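Heavy atoms only: backbone and side chains are in, while hydrogens, waters and symmetry mates are out. Remember, it's 1-based here, ligands and their atoms both numbered in the order they're listed. In this text, all values refer to a predicted model and were calculated from it rather than measured experimentally.
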Amino acid sequence: MKLLKVHGSSNTFYLFEALYDNEVNYVQLTKWLCDKSNEGGADGLLLVLPSQIADAKMRVINADGSEASMCGNGLRCVARYICEKLDIEEAVIETMHANLHVKKAQSIFEELPTYAVEISPVSFDLNTLPMHYDDKNQIRHENLAKFSDDILFTAVSVPNPHLVGIVQSSHIMDTTHQQQLASYLNGKNDICPDGVNVSYVYPISEHEIFVRTYERGVGFTNACGTAMTASALIANVENYVSNQVVTVYNPGGFVQCSVQMCENQYELLLIGNATIIGYYEVESKADKFEFINCFLTIEPLQYEKCNIYVKEKLGQYN
Ligand SMILES: N[C@H](CCC[C@H](N)C(=O)O)C(=O)O
């Protein structure tokens, strides 16, 4: 089996192009690949499959083996893979709930390979997460006594589930509260039965925010593309930022998110790097796996300059 190791904003994945949905035991493969003691691990597996209705189909398996409906950082990496394979500059990728437009974009930092991907559909209805909190149909920028007394939360699906809190910088520097809340909502609980990605957002300026995410099925990651886009949408709707394009910093770098409202629909774009870390060959025998070859690229060195830029600009939050 030939796999790529890729990252979007340092959210790291293996990418495997398969012909069939059940070619390998993807849950076992993902758990093995994502084990931190195994070549540094990863945050999940991106499956690229044939599609009858688009240029390709993407499935997302989290590190714990759970499947998600969407992955923004991963979609940028799949976009690059398909565009370079088909020698095109834009494509359509089938995902669990939508066929999403992706395209090669102007570099976001120096010469980084950069792609723009559509994030859709968007819903604030709690039944789309799902989430149950008293008799609420929506949670829009409000204090939730069961969670905190000083954080304003919004629940949104894009379409994977996100709980986003606007916080003071103290909750960015100290992750204890976020860790406790996210661990509870991703364990056995009556509020988020399928779990939820929990992000804390610190507004920096009229056009910049900082986002740290505890991802469902993974834990804290360097970045979560759908979470950063959801956070930019909420910061825009609640007037923390005034620009249509928001720069979203995260522990793994930064992305740009475009938030537009057209015909009463949100149109969200996530723009950021799609970096290839290396090419791996894996041998599999009866659900046992072994790396038999590996070729690393120099692209991570190129990305490191972006990380240094962010740390110099916002080191105090990382
Ligand atoms: N953990 C997420 C899936 C991966 C999303 C994230 N890596 C992104 O870039 O959007 C979930 O279970 O909904």
Side-chain angles (χ1 to χ4, degrees), residues 5-15 26-27 30-31 33-34 41-48 58-81 93 95-98 100 102 108 114-123 128-131 155-164 178 182-183 185-187 189 192-199 201 211-234 248-257 268-275 277:
K5 194 169 190 177
V6 297
H7 81 70
S9 212
S10 303
N11 191 198
T12 303
F13 305 95
Y14 281 92
L15 184 154
Y26 294 129
V27 172
T30 304
K31 288 180 175 179
L33 288 169
C34 295
D43 299 325
L45 175 67
L46 304 168
L47 287 174
V48 179
M58 176 181 80
R59 288 177 57 193
V60 183
I61 316 289
N62 285 317
D64 70 351
S66 62
E67 182 157 1
S69 56
M70 182 49 193
C71 177
N73 289 325
L75 184 57
R76 296 201 312 272
C77 298
V78 169
R80 177 180 175 187
Y81 179 78
I93 307 295
T95 65
M96 194 182 286
H97 295 304
L100 301 176
V102 302
I108 192 169
T114 302
Y115 282 76
V117 299
E118 181 188 358
I119 304 290
S120 177
V122 179
S123 175
T128 65
L129 273 75
M131 184 171 182
V156 64
S157 65
V158 289
N160 57 338
H162 292 272
L163 179 68
V164 177
Q178 184 177 9
S183 300
L185 292 176
N186 286 289
N189 73 96
C192 293
D194 291 355
V196 65
N197 300 285
V198 179
S199 295
V201 179
V211 180
R212 188 190 303 279
T213 303
Y214 182 108
E215 283 198 45
R216 177 179 64 171
V218 193
F220 278 115
T221 58
N222 286 315
C224 175
T226 46
M228 294 190 282
T229 309
S231 300
L233 168 63
I234 292 157
V248 184
Y249 294 96
N250 54 72
F254 74 96
V255 296
Q256 287 182 329
C257 297
L268 306 179
L269 267 187
L270 170 64
I271 305 146
N273 75 299
T275 294
I277 298 166

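Ranking protein heavy atoms by distance to atom 5 (C) of ligand 1, first place goes to E215 OE1, 3.5 Å. Ranking protein heavy atoms by distance to atom 10 (O) of ligand 1, first place goes to T226 OG1, 2.7 Å. Ranking the protein heavy atoms by distance from atom 9 (O) of ligand 1 puts G225 N, 2.8 Å first. Atom 7 (N) of ligand 1 has as its closest protein heavy atom N11 OD1, 2.9 Å.
A donor atom on one side chain and an acceptor atom on the other are found under 3.5 Å apart for H162 and T226. No hydrogens or angles considered: nothing links the side chains of N11 and S9 as a donor-acceptor pair under 3.5 Å.
Of all heavy-atom pairs spanning N160 and M70, the tightest one is ND2-O, 3.6 Å. For the residue pair D43 and V218, the shortest heavy atom distance occurs at O-CG2, 3.6 Å. Of all the heavy atoms in G195 and N186, the pair that sits closest is CA-OD1, 3.3 Å.
Residue-ligand proximity: M70 is placed with a non-hydrogen atom under 4.0 Å from ligand 1. For the pair C224 and ligand 1, a heavy-atom separation below 4.0 Å is found.
Neither the backbone nor the side chain of T221 comes within contact range of ligand 1; no heavy atom lies under 4.0 Å. With a 4.0 Å heavy-atom cut-off, ligand 1 is reached by the side chain of N197 but not by its N, CA, C or O. The side chain of A68, and not its backbone, has at least one atom closer than 4.0 Å to an atom of ligand 1 (non-hydrogen atoms only; side chain from C-beta on). If you look at N73 next to ligand 1, the close heavy atoms, those under 4.0 Å, come from the backbone and the side chain alike. When heavy-atom distances to ligand 1 are checked against a 4.0 Å cut-off, N160 comes that close only through its side chain, counted from C-beta outward. Contacts of Y214 with ligand 1, taken as heavy-atom pairs under 4.0 Å, are absent altogether.
With respect to L45, the side chain to side chain contact (heavy atoms under 4.5 Å, CB included) criterion is satisfied by exactly one of N62, V27, I61: I61.
Heavy-atom contacts of F13 reach the following atoms of ligand 1: 7 (N) (cutoff under 4.0 Å). Close approach to N62 involves these atoms of ligand 1, each under 4.0 Å from a residue heavy atom: 1 (N), 2 (C), 3 (C), 4 (C), 11 (C), 12 (O).
Ring-plane geometry between Y214 and F220 is classed as perpendicular, the angle between the planes exceeding 60 degrees on a 0 to 90 degree scale with a lower cut at 30.
For a threshold of 3.5 Å applied to N or O pairs, the pair formed by G72 and ligand 1 contains at least one separation below that value.
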